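For reference, the structure is listed below as structure tokens.
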Amino acid sequence: MISGKHRPTVLTVDQRAIRHNINHEVKRLDDHSELWMVVKANGYGHGATQVARAALEAGATGFCVAVLDEALELRDAGFTQPILVLGITTPEYAPLMAQRNISATVGSTEWLTAAMTYLQTAQLGRLNVHFGLDTGMGRIGFQTPAELRTAVDYLDEHEQQFNFEGIFTHFATADDPDDTYFKTQYQRWEGFMAQLSHRPRYVHVSNSATSLWHAACNGNLIRFGVAGYGLNPSGGAIQPPYELEPAMGLVSQLTFSKYVEAGRSIGYGATYTTSQPEWIGTVPIGYADGYERRLQGFDVLVDGQRCEIVGRICMDQLMIRLPKAYEPGTPVTLIGSDGNQTITMQDVATYCETIHYEIACGFTARVPRVYQN
Ligand SMILES: *Cc1c(COP(=O)(O)O)cnc(C)c1O
């Protein structure tokens, strides 16, 4: 998708906010622990390489991504720090990962034996492996300590192909005020670890929520994602130990503004009809930009005032009801502050009945990211 550079709709990314959030978290870690910034999905929509750079400046020492191509993007951009692919990569790409020094998540001995064949043939170096343990997330990873032991033995027997670099798990409810299930998972984790003959370099269990609210469990590495972008992982149910500063904003401008008589309809389906003479403004953003159609009836900010989105949101444009006449070119804030009004990513997510993660990474490539500070 082409980036709309000649249109006033932009996502602003405040790199100082990212540094602030990471700085605070790094300060809470003990001397032997590291923070790897999670920059999957184009840095949760913020721009992977730009976020990675800001994260390093603030004390991060490595990165996590979801798919191999995201790791390759960082390597191609010149990042030499450790990178862990959190998802399962097809074993065929093990040599490529070894060659580019990208660490693989492994959840079965079968994966290792399949990768082994490719690694032996290609001889492009040793593959760094992090074993993923399924302690209750039910997504990927070893199910039992016995399965894990088999895999560790296999690694020990094939040290020319593999390096046992890390072991980890992932919590399903670390952002929940009720920690019952978290404790169940942590007990399973301890059960796995008790049966491990030797520990690898990195032992990690923490996403943002775990590190913010269960820091005692951390191990020696955290996988810090959403909180680094300044978003509260719990959505507001639990307060973080320091103030998170949101990095992403969304702004545009009116491209059109008109006075309409009472009884005129606005937008597809004619779902909104003016009940009195009104000023209607048009904003150049729509669902093709990731500004969801479900946001009809939500607000944007113009001149420090909340203005309702009226009529259906189109693919590329939406209409708002203005309190008075405003010229084309007038700034419109969709996420951020104007005067004493603020619309947060969480406000948008709440209106869409989803989580802010989905909103942030849902903005498409058509919206240019503009970096500040
Ligand atoms: C996405 C992800 C993270 C980061 O989670 P946040 O809630 O954004 O901190 C950490 N670990 C794994 C395995 C993930 O998939």
Side-chain angles (χ1 to χ4, degrees), residues 17-18 21-22 24-26 28-29 33-46 48 51-52 55 58 60-68 70-71 74 82-89 102-107 129-142 165-176 182 185-186 189 202-215 217-238 240-242 244-248 345-346 349 354-362:
I18 293 171
N21 301 322
I22 294 175
H24 272 81
E25 195 57 26
V26 167
R28 297 175 68 234
L29 301 177
S33 295
E34 297 184 27
L35 181 153
W36 289 6
M37 185 65 182
V38 184
V39 294
K40 60 194 181 190
N42 194 30
Y44 293 40
H46 295 63
V51 170
T61 53
F63 306 105
C64 298
V65 295
V67 305
L68 177 53
E70 295 172 336
L74 294 178
I83 304 174
L84 170 63
V85 177
L86 296 167
I88 303 291
T89 310
I102 294 165
S103 307
T105 290
V106 174
V129 167
H130 288 232
F131 281 141
L133 311 184
D134 185 1
T135 57
M137 176 67 184
R139 188 165 63 180
I140 53 172
F142 294 94
E165 187 185 44
I167 192 160
F168 75 101
T169 194
H170 191 51
F171 291 107
T173 62
D175 57 349
D176 193 329
F182 181 90
Q185 278 198 261
Y186 194 69
W189 164 256
Y202 295 109
V203 176
H204 49 113
V205 304
S206 296
N207 57 357
S208 299
T210 309
S211 190
L212 289 173
W213 297 306
H214 306 275
C217 306
N218 272 354
N220 60 15
L221 166 65
I222 66 167
R223 309 182 300 268
F224 203 58
V226 85
Y229 302 94
L231 301 170
N232 179 337
S234 74
I238 325 179
Y242 52 92
L244 295 173
E245 291 186 17
M248 188 184 270
M345 194 80 74
Q346 181 59 43
T354 185
I355 52 174
H356 48 54
Y357 292 76
E358 190 182 10
I359 303 298
C361 68

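Remember, it's 1-based here, ligands and their atoms both numbered in the order they're listed. Everything numeric here is computed off the predicted structure, so don't read it as measured data. Both backbone and side-chain heavy atoms feed into the values below; hydrogens, waters and symmetry mates do not. Each residue takes its place number in the sequence, starting with 1.
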(Q) For the CD1 atom of Ile355 and the CE atom of Met345, what is their distance to the nearest 0.5 Å? (A) 12.0 Å
Q: Determine whether the side chain, the backbone, both or neither of Val226 has a heavy atom under 4.0 Å from any heavy atom of ligand 1.
A: both
Q.
Residue-level breakdown please: for Met37 versus ligand 1, do any non-hydrogen atoms fall below 4.0 Å on the side chain, on the backbone, on both, or on neither?
A. neither
Q.
Just to verify, what does Tyr202 make a ring pair (Phe, Tyr, Trp, His ring centres under 6.0 Å) with, not counting sequence neighbours?
A. Trp36
Q: State, yes or no, whether a side-chain contact exists between Pro246 and Tyr229 at a heavy-atom distance under 4.5 Å.
A: no
Q | Protein contact to atom 9 (O) of ligand 1 [nearest heavy atom, distance to 0.1 Å] | A | Ser208 OG, 2.5 Å
Q: Identify the protein heavy atom lying closest to atom 12 (C) of ligand 1, giving its residue, its atom name and the separation to 0.1 Å.
A: His170 CE1, 3.4 Å
Q.
Let's go through Ser211 and Glu25 carefully: what are the C-alpha distance in whole Å and the side-chain angles of both, what is the deciding distance for side chain to side chain donor-acceptor pair (under 3.5 Å) to 0.1 Å, and is it a yes or a no?
A. CA-CA 8 Å; Ser211 190; Glu25 195 57 26; 2.6 Å; yes
Q. Looking only at protein heavy atoms, which one is nearest to atom 8 (O) of ligand 1, and how far off is it?
A. Tyr44 OH, 2.5 Å
Q.
Please enumerate all residues that pass side-chain contact (heavy atoms from CB on, under 4.5 Å) together with Val203, with sequence neighbours excluded.
A. Ile167, Trp189, Met193, Arg199, Pro200, Asn220
Q) Going by the atom numbers of ligand 1, which of them fall below 4.0 Å from some non-hydrogen atom of Tyr357? A) 6 (P), 7 (O), 8 (O)
Q. Of the backbone atoms (N, CA, C, O) and the side-chain heavy atoms from C-beta on, which set of Pro233 has a member under 4.0 Å from an atom of ligand 1: side chain, backbone, both, or neither?
A. neither
Q. Which of the listed options, Lys40, His204, Arg223, Met137, holds the heavy atom that is closest to atom 2 (C) of ligand 1?
A. Lys40
Q: On the 0 to 90° scale, with breaks at 30° and 60°, tag the Tyr44-Tyr357 ring pair as parallel, tilted or perpendicular.
A: tilted
Q) Atoms of ligand 1 less than 4.0 Å from Arg139 heavy atoms? A) 13 (C), 15 (O)
Q) Does any non-hydrogen side-chain atom of Met137 lie less than 4.5 Å from one of Phe171? A) no
Q. Looking only at distance, does Gly225 have an N or O less than 3.5 Å from an N or O of ligand 1?
A. yes
